[in-house]
Amino acid sequence: MRGVIADNAPETATRNLYIETYGCAMNLADSEVVASIMAEKGFKTTQDINEADVVFVNTCSIRDNAEAHVWGRLREIKHHKKTNPGMIVGVLGCMAERLKTQLLEKEQVIDIVVGPDAYRDIPQLITQVEEGHKAVNVLLSREETYAEITPVRLSSNGVNAFISIMRGCDNMCSFCVVPFTRGRERSRPSDSIIKEANDLYTQGYKEVTLLGQNVDSYKELDEQGNVICNFAQLLEKVALLRKDLRIRFVSSHPKDITDEVLHTIKRYDNICNYIHYPLQSGNSRILELMNRTYDRNWFKQRLDKIREIIPDCGISTDIITGFCTETEEEHQDTVTMMEYGKFNFAFMYQYSERPGTLAARRYKDDIPSEVKLRRLQEVIEIQHKNSLALNQAKVGTVQTVLIEGLSKKSDQSLRGRNDQNSVVIFPKENYNKGQYVKVLIENATQTSLIGKALEEVVFD
Ligand code: SAM
Ligand code: SF4
Ligand code: F3S
């Protein structure tokens, strides 16, 4: 959740926008597009909800608890509206797309409902509300990528920025609501991505993360429908911009990450050796029910291939426990796959049935919640053990770290990340945000590497 101040509010801005963002990085990037569209309409962003003329909540539907949280937040916003009756309240993002006008029926405080592909329509929707109507636009698009809108960087540290390279998802994993809330997959023209990366560098940014639900299926097409730039080629184009502009990307679907992508990562020092590689389950029957299109063996082989081509690659994953009909033995396959995979990090969840998805229509959500939770705790425990061991193995090594700012715990320490996306903490001395430094790792916890800076890395 974030309240934010715009860094490029026009001098003519007369009204205040307060925007809170939930869910994934795509939603964070979308809020930056919305702030830009609102800036054009004369709004600057504020961190104080009490001074807002418009409040937007950019929402997530991925699990039931993500939606429950937003409902709670909307009830709180209702109290703010009592003291500020002119305030316009909008629900944006995936809940807006999933629930559409039901949102207006369920919660009186909402004036506007806007789906992820309709943000250009927001100024017009605000006008409708000012004329006394409720306003809704949840149309999905096959083309919209907001390509030429320059996002207003919200809560930015001035070092890392997201660049959205594609929207939507065509994969239809049976548990997942995203294809319904974000629509069909489409890629943004590479020229506009390169321009955005270049502009960010000129403004002092040192790391860009290329974003999409499934970045490896990025493809720019010509008018005849031929692929003129695939994901590996896009990575290369961004990598060639500047040696000291780091590149990350997220998320990859295991089925789509090609050897060409792996070799491109290996070839360029500024493409980080880090891949988010979501397993979901270690059992082939469950993977089939999930419609993930790979099985246990295939996943294992591709994991081996990543490590063969990029030996020091940081790898993270996603796990869902207690998917429909999952037996104890099948859960154990996830446990053993995590032990084999030795992921650096993992995002782990209990299965949450989402209305309208393939799984909700076809399979019974039959694993009791206490069993889902116990299985979740088991995988979390393995992950903690793996994270600690992998971090401890880095003690004594020297890591190149991009400094992102002060450590959360002390203003005498700095925080950054190494190539593999591990957090590194070290004494501040005279180093500053945005610098690359060599850090000798002296200690490690499950969540971070701790060390001391040796010298700045200077790029020729
Ligand atoms: N497209 C990305 C991918 O395939 O990895 C990200 C999808 S989603 C935003 C992030 C993660 O949420 C998924 O990888 C999955 O582990 C989890 N997830 C999605 N739907 C879920 C559900 N119904 N219940 C629990 N976890 C879910
Ligand atoms: Fe959801 Fe699967 Fe698409 Fe990821 S790849 S967004 S999990 S449908
Ligand atoms: Fe959530 Fe939508 Fe992202 S459902 S995870 S905000 S794409």
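Quick caveat, the model's predicted, so the values are computed rather than measured. Start at 1 and go down the list; that is how both ligands and their atoms are numbered.
- Protein heavy atom closest to atom 2 (Fe) of ligand 3, with residue, atom name and distance, is Cys94 SG, 2.2 Å.
- Checked for salt-bridge contact, Lys305 and Glu308 meet the test: a charged N lies under 4.0 Å from a carboxylate O.
- The closest approach between a heavy atom of Arg182 and any atom of ligand 2 is not below 4.0 Å.
- Neither side chain, Asn344 nor Asn421, offers a donor N or O lying under 3.5 Å from an acceptor on the other.
- The shortest heavy-atom distance from Gly93 to ligand 3 is not under 4.0 Å.
- Residues Glu67 and Arg354 are paired through a salt bridge, judged by an N-O separation under 4.0 Å between the basic side chain and the carboxylate.
- When hydrogens are left out, the protein atom nearest atom 7 (S) of ligand 3 is Gln213 NE2, 3.2 Å; that is the closest non-hydrogen contact.
- Enclosure of atom CD in Glu381 is not indicated, since only 12 or fewer non-hydrogen atoms of other residues, nucleotides or ligands lie within 6.0 angstrom.
- Remark: side-chain polar atoms of Asn157 are paired, donor with acceptor, to backbone N or O of Asn160 under 3.5 angstrom.
- In this structure, the protein non-hydrogen atom closest to atom 6 (S) of ligand 3 is Asn27 ND2, 3.4 Å.
- Contact between Arg182 and ligand 3 is present, with at least one heavy atom of the residue lying under 4.0 Å from the ligand.
- A salt bridge is defined here as a Lys NZ or Arg NE, NH1 or NH2 lying under 4.0 Å from an Asp or Glu carboxylate O, and Arg248 with Glu207 meets this definition.
- A donor-acceptor pair shorter than 3.5 Å cannot be found between the side chains of Thr321 and Gln350.
- With 3.5 Å as the limit, one finds no donor-acceptor pair spanning the side chains of Tyr146 and Ser36.
- Near atom 1 (Fe) of ligand 2, less than 2.8 Å away, sit the protein N, O or S atoms Cys176 SG.
- Comment: Glu328 engages Arg375 in a salt bridge, judged by a side-chain N to carboxylate O separation of less than 4.0 angstrom.
- The protein residues lying under 4.0 angstrom from ligand 1, judged by non-hydrogen atoms, are Ile62, Arg63, Phe175, Gln213, Ser251, Pro278, Gln280, Arg292, Asp318, Ile320, Tyr349, Gln350, Tyr351, Ser352, Arg354.
- Between the side chains of Ser281 and Arg292, no donor N or O sits under 3.5 Å from an acceptor N or O.
- Distance check for Cys24 against atom 3 (Fe) of ligand 3: an N/O/S atom falls below 2.8 Å.
- Protein heavy atom closest to atom 4 (S) of ligand 3, with residue, atom name and distance, is Ser61 N, 3.3 Å.
- With no hydrogens or angles considered, a side-chain donor-acceptor pair links Ser252 and Asp216 at under 3.5 Å.
- Heavy-atom contacts of Cys60 reach the following atoms of ligand 3: 1 (Fe), 4 (S), 5 (S), 6 (S) (cutoff under 4.0 Å).
- Here is the list of ligand 2 atoms found below 4.0 Å of a heavy atom in His253: 5 (S).
- Close contacts between ligand 2 and Arg292 involve ligand atoms 2 (Fe), 7 (S) [criterion: under 4.0 Å to a heavy atom].
- A donor and an acceptor atom, one from each side chain of Ser422 and Tyr274, are nowhere located under 3.5 Å apart.
- Looking at Thr400 and Arg246, their side chains never bring a donor and an acceptor atom within 3.5 Å of each other.
- Between Phe343 and Phe299, the ring planes lie perpendicular to each other; the angle is over 60°, past the 30° to 60° tilted range.
- Using a cutoff of 4.0 Å between basic side-chain nitrogens and carboxylate oxygens, Arg374 and Glu378 are scored as salt-bridged.
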